[in-house]
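Report on the following structure.
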Amino acid sequence: MADVFISVNNLKHTFTSKVENLTVLRGVSFQIEKGEIVCLLGRSGSGKTTTLNLLAGLDKPTGGEIIVNGKNITQWSTEKLHAFRLKTTGVIFQEFYLLEHLTAIESVMTPMILADDKEELAKERALELLKAVGLGDKTMNYPDELSTGQKQRVSVARAIANNPSFIIADEPTGTLDSKTGDGIMKLLLRLIKKYDMTMLYTTHDPYVAKLANRVLILHQGKVFEEKEVDPISFDYDNFEQLYRPKGDKA
Amino acid sequence: MNEIDKLTDTEIKSNFYSKFLYSTLFNLRLILKNLKHRKKSAIIIALGLIFSLTILFSSSIWVHTSQKIIADDYIETLDYEMYINTFLPNAMNEVYDYLSDDSVVRQVDWQYVTYALFNFENKEQNYTVFPESEQDDLEDPISLTNAIIVPTRAIERIKLNLEIEGNASLNSGEIMVSYSEAKELEKTYKKTITPGEIITVAITRRIPNTDIGEDELRFFDIDETTYYNYTISGIFKYTGTDGIIDKLIGAKGAGNIVDSVLFPMEDLTYEDLYIFETNGLLPKLLVKTDAEKLRTGNIETMPDNLLALKERIEINYYHTFCRILKHEIETMANEYKRTFSSAALFIPAIAAALILTVLATQMTIKRRGKEIALLRSRGASSVQIIGIFFSEYSIIGIFSLLVSFGLSIITAAAFPLIAGGKSITAYNLSRFMQYLDISAYEIEIFSIIVLGIYLGVTFVNIVSFVKKDVQEVLLITRKGQRILSLGVNIAVFVLVFVGFILLLIEFRNVFDPFDTYGFDSIERSSMVLLAFMGVIFFICYYISMGIVLLLQKTPKVYRLIFKNRGFFIYHNIKRKTKTLTELTFFLILIISLLTFLISIRSITETNIELENNYRNGSDIRVQTTVPINISEYNERFSKIEGIEDTLGFYSLRATIGTQDVEVFGVDPLKYLSVGNWIEHSFQNTTVEEALTALEETLDGLIISDYTANRLRLSIGRHMFITDFKGGPFSLPLLITGIISSAPGLGVAHGNDPKMVKSADEYVLVNQEILQSIGVENGSLFLLSVGKNVDIDQIIEQIQSISPLLIVNPEKINPNYIGYFITKYIPHVSVTLMLGIIVLSFVAIVYIMISTDFILNQRRKEYAVLLALGGKQTKIRGLVIGEILVFVVSAILIGVPVGLLTALSSLSFIKPLLIPREIVPIVFEPGILMLLVAIFSLILASLITIIPLIRKQTKFEIVHELRITE
Ligand SMILES: Nc1ncnc2c1ncn2[C@@H]1O[C@H](COP(=O)(O)OP(=O)(O)OP(=O)(O)O)[C@@H](O)[C@H]1O
Ligand SMILES: [Mg+2]
């Protein structure tokens, strides 16, 4: 079979606070192959974002391992994780997190500058990427001069700026209307194909979910593997059922 | 319709009141809770306010308190303030009674001067006494000296002029003998005379007129009552310089005290006094005033109050002539005024602390967005929120005011500690409390100014911040606002600038560069300085606006300096213009003020050093209290190895017109080489020309610029100097030079309080003229030494010649009143140093709190950069880089601005720095101290901000991203 790109084994995560300890992940295991596009489904609060953050190295799990390209990133130092985030992964946030004082092109340049690329080269590539996401005419706009969909496109361009092999997208269409969301997803998928990347994303939208090669379901701190999703024969009516554990009555 | 309207109106009203009442009570709890929560920022604000208020209050308290203490202490250092002379021997009783009733007078003492005779017992009445060197029996001579007759209690005052071996007492049966008379008695009695010795003395009741041949013992009118055995209680050397005794019988008067005995008046009978009278011996009255009465009003009125006393007596008693210490007291009041006015130089530090407080307050307000949202979600209206916030800051203000008031009394008590380094003893403290004087008016004014600025700016900040959050519906547009505030800004600037110019003109009108700076110039000078500070404030503001624009337009520079990081630094600087203008503005202001204070301090110190050097005159200065033989000592000095050249000043008193002058005879070419001359020593001519001319013209004369101007004399004119003391003839001389000041002698005309001067003016002549009229003595020598010699060793050798020689005295005139004043009020260089310290501290605190503020605002941004793969170290580097851009550009701009400020203020702040410009003030930036200050500023800000940056960037990315704002 194809190479296993990411392997998550028995991943556990507990948030500790003064008031209480909240265990969100109780042993999550799944694998993603190179070039795969995987969607993670789950109820609100089930721990999707938490999982993605752990995969992106933004947080450290309480237990278990995440193996990327054969290396266990949970053992890495923060320094190494920074480099990992910078070069290997591209993150698209639910709320974009564009820096207010930077124009679209400057935002896209940011990861490249952080990677010590030459500013001129970064600018060239950023322009290319913005054109690719259809924002060739908005390069000098600040975030508050962009629509929500345009902001998301900028954040997509920013995510792929450093040519990552892995894209992590947390509800990339969450704040968009379905048509715009569809457009963004199609754009993302096209780019991923073009640049030969792997992607893991979350969504609440069945139409968006169906675009994945495969769907994982997060429930009660565990991940349940679904059969490969066929976009055509996907059971929309049954989609809600996915959230329900086996044996649970509706 | 109408009725319903009314109803709803009252309904609304009652509703409003009950709501308001309820919410105030509710709010009070909230306010207190908020204050508790924001302890740190509340403490910073309170500290800033307390600092500014305490300094202002305690200065005010100390002004009022110290002037009373200084006045009283100073008056205590004077022997008397007035003596009264008469030409009617029997009319003084009335004056005495009048004075005893005058409230300003504390003590009146009689004083007679006659002769005291020793070793006369075995002599006949026709024994010839005068002249002393031609007495009948030179083997066993009568010793003759001045008898100064004063009441017993007077010794307590007179002793201030004396250095005494034995006791300072003048009880019945005791006399005190001067050092030279003691030596004389040793010769006469052929034994050593020490205190405790019993000796027979006769006080003469008559002063014989030797001009008509009254040279025998009988003319002295000795009687057995004044013929008695007396115990020598003490032997004294006369050391007085400033006082009534000096004016009457010391160096500036008849001089008899140097060779005299002090005799208790109580031992004279009424009959003796009656015979004094009939023999024409004139009494004098010594008047000691009551300091407390003399200073009614304030310290400045003292000279005039004394003058009024003199006038009262002279008007009531036509036969009297009063001499007062008006000039000395005036000098004291002037020096006091200057020393205190120089505190104006500390005002930048107070202003900076106040601005810091206001800016800190502004930052804390801007951090409260979340709180506003919370309050609003609970249904609070904007007015309520503003009310809550404003009451919070008002409580801090009022609390600070109360603390400052209490604290300022303590700090005011500590002023002398800073000034004289004295410890606060119980005595000082109780004295302080006893004199404590608080001007409620000034305290009120300072409170209003400081709290007004603080609360005013805070209110505006709160309103604009809260309002912005409610709705953007402002009465005027943003552009309109900007134009309005710029308009107000420029208008205020123009007002301040015009005020500055007007004050400067007024200052110019009263300022006399050729005299000791008086009251008016000192006061005006501090006013001009304040206005000038206002101008600088605005200039810094405008410059900072320009700098921010410039910083935003130069992306390439950042790339050059910070490489790839430049991208972020540049973009960070490019945004939020307003905050950055404020940041740079305040930094530039502080750094230019810091530079200003440092240069002013170094200018003052340099001037003091140059002046002291000039006053000292040469490598080594030797002065004596008694005149010594010039040629003899010249020879002795030149024998000491290492001494290259010696110059003695022959000296004699004489008169020009009606003016007393001291005539100094010098070897002009030696003076040229030995003296530390400066360019401005002579008017219109170089030092070399003037002294060579004096060398070449045997009857040459150098007079003061003042006299030349006043009597319209010029070089090449002939003139007479008359009335030589010790030779009653006049000399025709040719003017060869006009002098302003000379090394070793000081200013040619007028008073230099740091020098001791016997006349108001001196002239220079070739030494040969004085030698030709028999002058052999002088009391000043200037010596030059060779290269690489051990000066200390030479000084030691000179001192071993005679204990009378004073070599390189640290203080040429130890009685200079300034030394006295600075025991109470910090000297200007101490004030400046304190200002420098406070400003540096303010700068560091400012950099710290603004870094903290900016970092706090940007936490989320940094989290995003980290999430995108930025490294911690890189992001910390960004912050440091950005702050350094501001600090460095503020230094690059602030330092030149400060130097220019110092340079341009020199012309009008002189009266605050020095009593008189003797050596021209030179601009001396104080590079070393400046470098140290700037280096330590950068270092200290790095040390304080690095932990801050660490703290602020040490967060969990995920957590930071989750916080929504
Ligand atoms: N930093 C944190 N500290 C404490 N609890 C947290 C933290 N982050 C997430 N949680 C909790 O963990 C649980 C999972 O959160 P997570 O954001 O992963 O859910 P999600 O599946 O992404 O939900 P949604 O679909 O609404 O985005 C939630 O109950 C949340 O309250
Ligand atoms: Mg989520």
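None of the values given here were measured: they were computed from a predicted structure. Below, chain A is the first sequence line, B the second, and so on; all start at residue 1. Side-chain atoms are counted along with the backbone in the values below, which use heavy atoms only and exclude waters and symmetry mates.
- Of all heavy-atom pairs spanning A:L114 and B:L865, the tightest one is CD1-O, 3.8 Å.
- Other residues, nucleotides and ligands contribute over 12 non-hydrogen atoms within 6.0 Å of the NZ atom of A:K60.
- Note that CE of A:M109 is 4.5 Å distant from CZ of B:F567, once rounded to the nearest 0.5 Å.
- Of the two parts of A:E106, the backbone and the side chain both hold a non-hydrogen atom closer than 4.5 Å to a non-hydrogen atom of chain B.
- Proximity to chain B is limited to the side chain of A:Y142, based on heavy atoms less than 4.5 angstrom apart.
- With a threshold of 4.5 angstrom between heavy atoms, A:F84 does not approach chain B through any atom at all.
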side-chain contact (heavy atoms from CB on, under 4.5 Å) between A:H82 and B:L866, intermediate numbers included
CA-CA 7 Å; A:H82 281 299; B:L866 286 172; 3.4 Å; yes
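- The distance from atom NZ of B:K860 to atom CD of A:E100, rounded to the nearest 0.5 Å, is 10.0 Å.
- For A:L102, the part lying under 4.5 angstrom from a heavy atom of chain B is the side chain only.
- With rounding to the nearest 0.5 Å, the separation of CG in A:L81 from CD1 in B:I957 is 8.5 Å.
- In this structure, CG in A:N53 is found 13.5 Å from NE2 in B:H959, a value given to the nearest 0.5 Å.
- Checked for salt-bridge contact, B:K874 and A:D116 meet the test: a charged N lies under 4.0 Å from a carboxylate O.
- Of the residues considered (A:L98, A:I113, A:N162), A:I113 shows the highest number of contacts with chain B, using heavy-atom pairs under 4.5 Å.
- Interface remark: of the candidates A:D117, A:V91, A:T49, A:T89, A:D117 forms the most heavy-atom pairs closer than 4.5 Å to chain B.
- Atom OH in A:Y97 sits 4.5 Å away from atom CG in B:L961 (nearest 0.5 Å).
- Proximity to chain A (any heavy atom under 4.5 Å) is shown, for B:I875, by neither the backbone nor the side chain.
- Taking NZ of B:K871 as the reference point, atom OG1 of A:T78 lies at 11.0 Å (rounded to 0.5 Å).
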